[in-house]
Structure formats: structure tokens, C-alpha cells
Amino acid sequence: SSVYAATGSSLSIASGRLSYALGLHGPCVSYDTACSAALSASHGGLRALQLDECPLGLVSGVNLMIAPGVSISFAISGMTSVRGRSHTFDARADGFARGEACGALVLGSSVDANHVSVCGSAVRQDGRSASLTAPNGQAQQGLLTAALSDAGREPDALALVEAHGTGTALGDPIEGGSLGAAVLKARDATAGQLALGGVKAS
């Protein structure tokens with residue numbers, strides 16, 4: 001074992017190494033919230049900008065499947081699809097399919113045609129539900145309402161919702177019900193159609 005092995009296997013060092021290499025002095029945090037880690041990190045970066053803790057924010061999300069034990073455990077517990085694909089909002093839904101990815105974005109205060117505007121953000125936890133990994137519809141409704149409130153937008157302003165889309169017989173109906181209760185029921189009849197996306201299923 002060496003100092004490189006020690007720092008290379010530490011979650012906190014993952015973000016710290018970027019700040020070290022780039023000479024960044026702002027808040028430096030590593031998030032591990034499973035599927036929502038990158039979104040939670042973006043939320044933290046947005047709040048840091050709003051509180052003038054830094055002029056710019058660098059947010060990165062990475063998922064690597066290096067150790068097979070995690071995938072094996074998910075498969076044994078019935079969380080992953082035996083077909084190897086996420087069938088989100090589909091009668092064939094039997095679990096999700098794991099994948100590797102890396103993405104990064106820079107958060108700033110300037111707004112022009114080359115930037116995407118983030119109107120608001122919210123982070124919540126399910127709290128008590130049927131099990132540790134089971135979603136909580138009430139908590140999801142609270143999250144959606146809080147995000148709209150933080151953005152200063154009404155449900156009518158939405159054109160697309162990108163769903164978590166677990167691809168499970170339990171998770172998808174709960175998420176669909178939460179969207180219906182917190183968003184669809186609050187939309188005016190003249191608001192037009194609301195598209196529902198699920199990138200995990202593509």
C-alpha cells in the first residue's frame with residue numbers, strides 16, 4: 001500500500017484532486033447519493049453561486065463499474081433487469097440496467113444564447129417508505145413542488161419532465177403518480193401537452 005493507493009481510493013480526494021490540479025479555492029465536496037449524485041452536486045454548486053461563495057462552479061458526475069460485487073449484489077436482490085435493459089414506464093419493466101458515464105458542466109451567472117439557464121433546484125430524501133430502496137410518493141410530490149417554487153415557475157410552464165425512470169414495477173407507477181398529483185393536476189387545461197422523458201430507456 002502507498003500514499004497513492006490511499007488517496008486514490010478516497011471519495012473525498014476525488015473532488016479535492018480537481019481543486020488541487022486547477023487551483024480552485026471554493027467549496028469542494030464529493031457527493032454520493034446513488035442515482036441523484038450529479039443532480040445533488042449541481043444543487044450544491046448552484047447554492048454556492050447564489051451565496052457568492054464562488055464566481056463559477058465546476059460540477060462533474062462519474063459512474064464506473066470497476067468492482068463486480070456491486071452489480072452482483074444488485075442482480076441477486078432483483079434490482080437489475082434480467083434482460084439487460086431499462087424498460088421505463090413499460091409493462092416489461094423488471095429492473096434497471098447499469099451503465100458507465102462521465103459528464104461535467106460549469107455553473108456561472110452569465111446568461112446568453114450559449115448557456116443553459118437553471119431556474120431553480122431542490123433536493124429531498126424519501127424518508128420512511130416501504131423499504132430502504134422503495135420510493136415515497138409524498139416525498140416525490142414535495143420535491144417537485146419545491147423545485148417549481150424555487151424556480152418561480154408554475155406547472156403550466158413545463159414542456160418536458162425527465163423522469164428518474166427506475167424501470168421497475170414499483171418505482172415507475174409511484175413516480176408517475178407523483179408527477180400526476182404535483183404537476184399534471186395543477187396544470188391549466190390550455191397549457192398544452194407535457195412530454196415525459198426517460199433517458200435510461202434509450
Side-chain angles (χ1 to χ4, degrees), residues 1-82 84-86 95-110 115-116 118 120-136 139-140 143 146-147 150 162-168 170-171 198-200 202:
S1 181
S2 68
V3 65
Y4 298 107
T7 58
S9 60
S10 171
L11 178 64
S12 62
I13 299 298
S15 56
R17 189 178 297 281
L18 288 174
S19 292
Y20 169 77
L22 300 175
L24 304 178
H25 293 173
C28 177
V29 184
S30 295
Y31 289 80
D32 183 2
T33 59
C35 299
S36 62
L39 287 172
S40 296
S42 298
H43 176 80
L46 178 63
R47 290 294 183 258
L49 287 173
Q50 292 173 334
L51 294 172
D52 291 326
E53 295 178 341
C54 54
L56 290 172
L58 176 61
V59 178
S60 180
V62 180
N63 188 57
L64 298 175
M65 298 185 298
I66 299 173
V70 176
S71 294
I72 293 171
S73 297
F74 285 171
I76 291 173
S77 64
M79 297 171 68
T80 51
S81 171
V82 297
R85 181 169 180 179
S86 298
F96 65 93
R98 299 191 73 207
E100 295 184 317
C102 176
L105 57 89
V106 175
L107 296 175
S109 57
S110 62
H115 294 81
V116 175
V118 178
S121 178
V123 171
R124 295 289 187 275
Q125 221 283 340
D126 279 329
R128 189 177 297 279
S129 57
S131 70
L132 178 65
T133 58
N136 182 321
Q140 289 184 358
L143 169 69
D150 190 65
E162 175 60 33
H164 182 196
T166 62
T168 65
L170 175 66
V199 72
K200 288 180 185 176
S202 62

Tell me if a side-chain donor or acceptor on [X] pairs with a main-chain N or O of [Y] at a distance below 3.5 Å.
| X | Y | answer |
| --- | --- | --- |
| D126 | A139 | no |
| S86 | G167 | no |
| T80 | A97 | no |
| S36 | L39 | no |

Please name the pair of heavy atoms, one in [X] and one in [Y], separated by the smallest distance, quoted to 0.1 Å.
| X | Y | answer |
| --- | --- | --- |
| G108 | L49 | N-CD1, 3.8 Å |
| P135 | Q140 | CB-NE2, 3.4 Å |
| A122 | L143 | O-CD1, 3.4 Å |
| V29 | S15 | C-OG, 3.5 Å |
| E100 | M65 | OE2-N, 2.8 Å |
| L107 | V59 | CD1-CG2, 3.7 Å |

Inter-residue atom distance [X].[atom1] - [Y].[atom2], 0.5 Å rounding:
| X | Y | atom1 | atom2 | value |
| --- | --- | --- | --- | --- |
| L64 | C102 | CG | SG | 7.5 Å |
| S129 | L170 | OG | CG | 8.5 Å |
| S71 | I66 | OG | CD1 | 11.5 Å |
| L51 | L46 | CG | CG | 9.5 Å |
| R124 | H43 | CZ | NE2 | 8.0 Å |

Practice item. Please check if atom CG in L132 has more than 12 non-hydrogen atoms from other residues, nucleotides or ligands closer than 6.0 Å. Key: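 Not buried by this count: 12 neighbours or fewer within 6.0 Å.
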Practice item. Report the C-alpha distance between C35 and K200 in whole Å, list the side-chain angles of each, state the deciding distance to 0.1 Å, and finish with yes or no for side chain to side chain contact (heavy atoms under 4.5 Å, CB included). Key: CA-CA 11 Å; C35 299; K200 288 180 185 176; 4.2 Å; yes
Point to revise | CA sep, side-chain torsions, deciding dist, call: L24, L18, side chain to side chain contact (heavy atoms under 4.5 Å, CB included) | key: CA-CA 8 Å; L24 304 178; L18 288 174; 5.7 Å; no
Check your understanding: Given F74, which of I72, V70, I76 fulfils the side-chain contact (heavy atoms from CB on, under 4.5 Å) condition?
Key ->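 For F74, the side-chain contact (heavy atoms from CB on, under 4.5 Å) check succeeds only for V70.
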Any [X] side-chain heavy atom under 4.5 Å of [Y] side chain:
| X | Y | value |
| --- | --- | --- |
| R17 | T7 | yes |
| P27 | R47 | no |
| L22 | L58 | yes |

